[in-house]
Every structure is written in C-alpha cells, then in structure tokens.
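Reckoned from all heavy atoms, side chains included, excluding hydrogens, waters and symmetry mates.
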Amino acid sequence: MYIILVYDIGEERVHKVCKYMRRYLPRIQNSVFEGELSDSKLAKMKAGLEKIIVSGRDSVLLWVMRDDHFVDRQIMGVEKLPVDNFF
C-alpha cells in the first residue's frame, strides 16, 4: 500500500520521530514521508510511533491508499526528494 505521513510533533521529539520514520519511508519534506509499505510494516511503524509521540500533544496524519496509482501527486516549486530515487 502507498502511505503519506505528515506529523506535527513537539520539538523535543522531532529528531527521534524523524530518525524512526526513515526506517520505513523516504522523507520528502521536513515533516512528510511518502512511499510503499506492506500491511505488517505499517502496523509495526504505527506501534513504534505510538511509543514515541505524546498523544495529547503530538499529531500524526496518515493517508493510506492501495497503491500509488490512486495518487495524483502534483508539485509546485522544487521537489526536494523525488520518491522514485529512494530504491
């Protein structure tokens, strides 16, 4: 499945979340990760994030699609990290 993850995390946890997320998805902007994950890796990633974030203060948004064919990705300005180059 294709995942887009965006987070707004307390400053003291940003580095830890970023480092953790790089295990699973390519980082395309400062607080945005995007790419393919299996069901099991998604579940594992979410479980790990729940241990890092503070549920009453932090926010993580996930868009989960069957595959990238359902995404109409449009970019304005500079693309910082093309997703195609991740693998």
Side-chain angles (χ1 to χ4, degrees):
M1 66 185 57
Y2 198 79
I3 309 294
I4 299 172
L5 181 140
V6 177
Y7 62 80
D8 186 5
I9 303 287
E11 189 175 328
E12 60 276 11
R13 290 175 298 284
V14 167
H15 179 69
K16 191 171 185 177
V17 168
C18 183
K19 185 177 176 182
Y20 177 76
M21 284 304 305
R22 284 183 173 161
R23 296 183 202 170
Y24 294 95
L25 295 169
R27 183 181 186 192
I28 59 170
Q29 290 196 349
N30 287 343
S31 301
V32 182
F33 291 80
E34 177 181 353
E36 294 278 344
L37 278 181
S38 66
D39 287 338
S40 62
K41 283 191 176 183
L42 175 61
K44 187 175 178 181
M45 179 191 79
K46 288 171 68 177
L49 276 173
E50 286 177 358
K51 293 178 183 173
I52 299 170
I53 68 171
V54 176
S55 61
R57 296 178 57 200
D58 299 328
S59 176
V60 177
L61 302 176
L62 280 161
W63 287 266
V64 180
M65 291 147 273
R66 265 189 276 167
D67 62 41
D68 62 349
H69 292 101
F70 295 97
V71 178
D72 180 19
R73 190 169 191 258
Q74 300 179 5
I75 299 163
M76 297 175 66
V78 177
E79 183 173 18
K80 292 187 175 182
L81 176 64
V83 174
D84 295 348
N85 292 341
F86 179 65
F87 297 102

Nearest heavy-atom contact between M1 and M65 is CB-O, 3.2 Å

So the side-chain hydrogen bond (donor to acceptor under 3.5 Å, both in side chains) pairs with at least one residue in residues 39-52 (sequence neighbours excluded) are S38-S40

In this structure, CZ of R23 is separated from CE of M45 (nearest 0.5 Å) by 12.0 Å

Looking only at heavy atoms, the pair that brings L49 and Y20 closest together is N-CE2, 3.8 Å

Note: P26 and G35 closest approach over all heavy atoms is CD-CA, 4.4 Å

Would you mind writing out the side-chain donor-acceptor pairs for residues 9-18 within the sub-3.5 Å range, not counting sequence neighbours?
from: E12; atom 1: OE2; to: R57; atom 2: NH2; distance (Å): 3.4
from: R13; atom 1: NE; to: D58; atom 2: OD2; distance (Å): 2.7
from: R13; atom 1: NH2; to: D58; atom 2: OD1; distance (Å): 2.8
from: R13; atom 1: NH2; to: D58; atom 2: OD2; distance (Å): 3.1

Per side-chain contact (heavy atoms from CB on, under 4.5 Å), E36 is matched among D68, I3, L25 by D68

Applying salt bridge (charged side-chain N to carboxylate O under 4.0 Å, His left out) to D8 and not counting sequence neighbours gives none

Smallest heavy-atom separation, N30 atom then Y7 atom, equals O-OH, 3.5 Å

Hits for side chain to side chain donor-acceptor pair (under 3.5 Å) against D67, two or more places apart or cross-chain, chain-then-number order -> H69

To the nearest 0.5 Å, atom CZ of F33 lies from atom CD1 of I4 at 13.5 Å

In this structure, NZ of K19 is separated from CE of M21 (nearest 0.5 Å) by 15.0 Å

Contacts of R66 meeting salt bridge (charged side-chain N to carboxylate O under 4.0 Å, His left out) (sequence neighbours excluded), chain-then-number -> none

Rounded to the nearest 0.5 Å, the CG atom of L5 sits from the CG atom of L37 at a distance of 9.5 Å

